[in-house]
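Structure, as structure tokens:
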Protein chains: 2
Amino acid sequence: MTPELIPRRALHDELADRIRQMIIEGDLQADQKVPEKDLCARFGVSRTPLREALKVLANDGLLVLTPNRGSTVAGVTEQDIQDVFPVMSALESLSGELAVQNMSDVAIAKLQQTHAAMVKAYRAKDLPLYFRLNQEIHRGILQGSGNAALIAVYDSLNIRITRMRYVADMTKDRWAQAVAEHVVMMDALTNRDGNLLSEVLRHHLENKRETVLRWVQKSKKTKVK
Amino acid sequence: MTPELIPRRALHDELADRIRQMIIEGDLQADQKVPEKDLCARFGVSRTPLREALKVLANDGLLVLTPNRGSTVAGVTEQDIQDVFPVMSALESLSGELAVQNMSDVAIAKLQQTHAAMVKAYRAKDLPLYFRLNQEIHRGILQGSGNAALIAVYDSLNIRITRMRYVADMTKDRWAQAVAEHVVMMDALTNRDGNLLSEVLRHHLENKRETVLRWVQKSKKTKVK
DNA sequence: ATTCATAATTTTGCATTCAAAATTCAAATT
DNA sequence: AATTTGAATTTTGAATGCAAAATTATGAAT
């Protein structure tokens, strides 16, 4: 494996980002052991900054560190889903309320454009593009709340249940429904209807919950260790 | 300074706990520089595990690490308060709803006892004891939600605005009001009235917000660097 | 062949070391 | 006296080293 050199910046920070990304992307799978040596080779760094990154990721719940036995990737359990989604729902609700209060007309107009592009991607059945734009919109609303604590906390939960793999598990119906909900979202936003935006965001999240849950249940069967 | 030896357990974990505690207790003050050497001497450890702990605490927003310039204690700003409390409020609300659903009668009865002891401490004007029991009750309700994600997220926010110093800033009136709210809380809990519990928890938090805000504004004037 | 004991190897936890950056201090100039 | 320049010192970032724990491999006994 050729050591992939990392551009300058605090190494532990960069490493944490990279490894986080690997977990989300599925390059590191749930319950997989992650020897330090491998990651050091992978990134061409020594163990010192790597271990700093591992501690941070463990603190965020993405890795499980067992003393003297190294790190494993934390899986997404049904319990996690049961716990995380109600909290995210409450946060979405707040996010919607704050976004309609704080977003500028310009910011909303920009989201409208992204939304239009996303609908186009949907019609073209371009799943990767759709997904990217979809994420962009959700992030736009969250950012629109103007609340740094909300954003940080939401992200920390979202990352614990977001894995690229489950995207494939979205059914045609659900996809159509998701797009329909996005239309309502944009309406609520332009009309600055906080209650409606909150409600549709929560409903939208509920659909995500079901998709993630199905994915977790499926992969539970697959990996009969 | 005599090196205070630490009982066995992952050092970085223990260190993170200790330093976190020092920040809450005010042993490390806002914006204070924290040279690694000092902390190493303080705890009798090398820089390796210490730095791991620092990275984790920085990730939690308790420290600010500036590359090549070390760590400083993150202060509580008015902006932090503005951001953090609305999120905590939403979480308190959820916590209340879940607690009435999930807590056992036994657990509620235990909280009642703690509550009685707290009222007694209030009557005796024993502020430290009152504070300890008060925290115990709030933790009991949060735990009563049975939601690990909620607890983790709440804690992460709470720790960013909780500093022992501001306790002193509570006025007589506010103290009395806080106790009165606690009475309502316990009623709501025994009657398993989720809406009421949510409401009183949020209201209670609002009072905390004002106390913390006053403390931050006061200490802003004090430390004219 | 399976189980157990024990030796060899690997991996982890933490201390130490070294280079680079930042800070401090002192002398020199104005 | 104030400012500036540059060396001496301190502090940080990251690699290396070393001991302890865990894992794997080896071989003997059943």
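Note that these values count all heavy atoms, side chains included, but never hydrogens, waters or copies made by symmetry. Residue numbers begin at 1 in each chain, while the letters A, B, ... track the order of the sequences.
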(message) In whole Å, I'd like the distance from the CG atom of N68(B) to the P atom of dA19(C).
(response) 17 Å
(message) What is the separation between atom NZ on K37(B) and atom P on dT23(C), rounded to the nearest whole Å?
(response) 16 Å
(request) Verify, without hydrogens or angle tests, whether S93(B) (side chain) and A90(B) (backbone) share a donor-acceptor contact under 3.5 angstrom. (result) no
(message) When you measure only distances, ignoring hydrogens and angles, does the side chain of R47(A) come within 3.5 Å of the base of dG13(C) through a donor and an acceptor?
(response) yes
(message) Rounding to an integer number of Å, can you tell me how far R9(A) CZ sits from dA14(D) P?
(response) 11 Å
(request) Locate the shortest heavy-atom distance separating D60(A) from R160(A); write the atom from each residue and the value. (result) O-CD, 3.6 Å
(message) Side chain of E36(A) only, heavy atoms from C-beta on: which candidate in dT12(D), dA14(D), dT12(C) is closest?
(response) dT12(C)
(request) Kindly indicate whether the side chain of T48(B) and the base of dA15(C) share any N or O donor-acceptor pair separated by less than 3.5 Å? (result) yes
(message) For a quick check under 3.5 Å, do N134(A) and H182(A) share a side-chain donor-acceptor pair by atom type?
(response) yes
(message) What is the separation between atom CD on E14(A) and atom C1' on dA14(D), rounded to the nearest whole Å?
(response) 15 Å
(request) Quickly work out the E52(B) CD to dT12(D) P distance and round it to whole Å. (result) 16 Å
(request) Would you kindly give the CZ-to-P distance between R69(A) and dT10(C), to the nearest whole Å? (result) 19 Å
(message) Checking contacts here: which listed nucleotide (dT12(C), dT12(D), dA15(C)) is nearest the side-chain heavy atoms of R51(A)?
(response) dT12(C)
(request) Using whole Å, report how far NZ of K33(A) lies from C1' of dT24(D). (result) 12 Å
(request) Please check if any side-chain donor atom of Q79(A) sits under 3.5 Å from a side-chain acceptor atom of D83(A), or the reverse. (result) yes
(request) Whole angstrom is fine here: how far is it from CG in L11(B) over to P in dT12(C)? (result) 17 Å
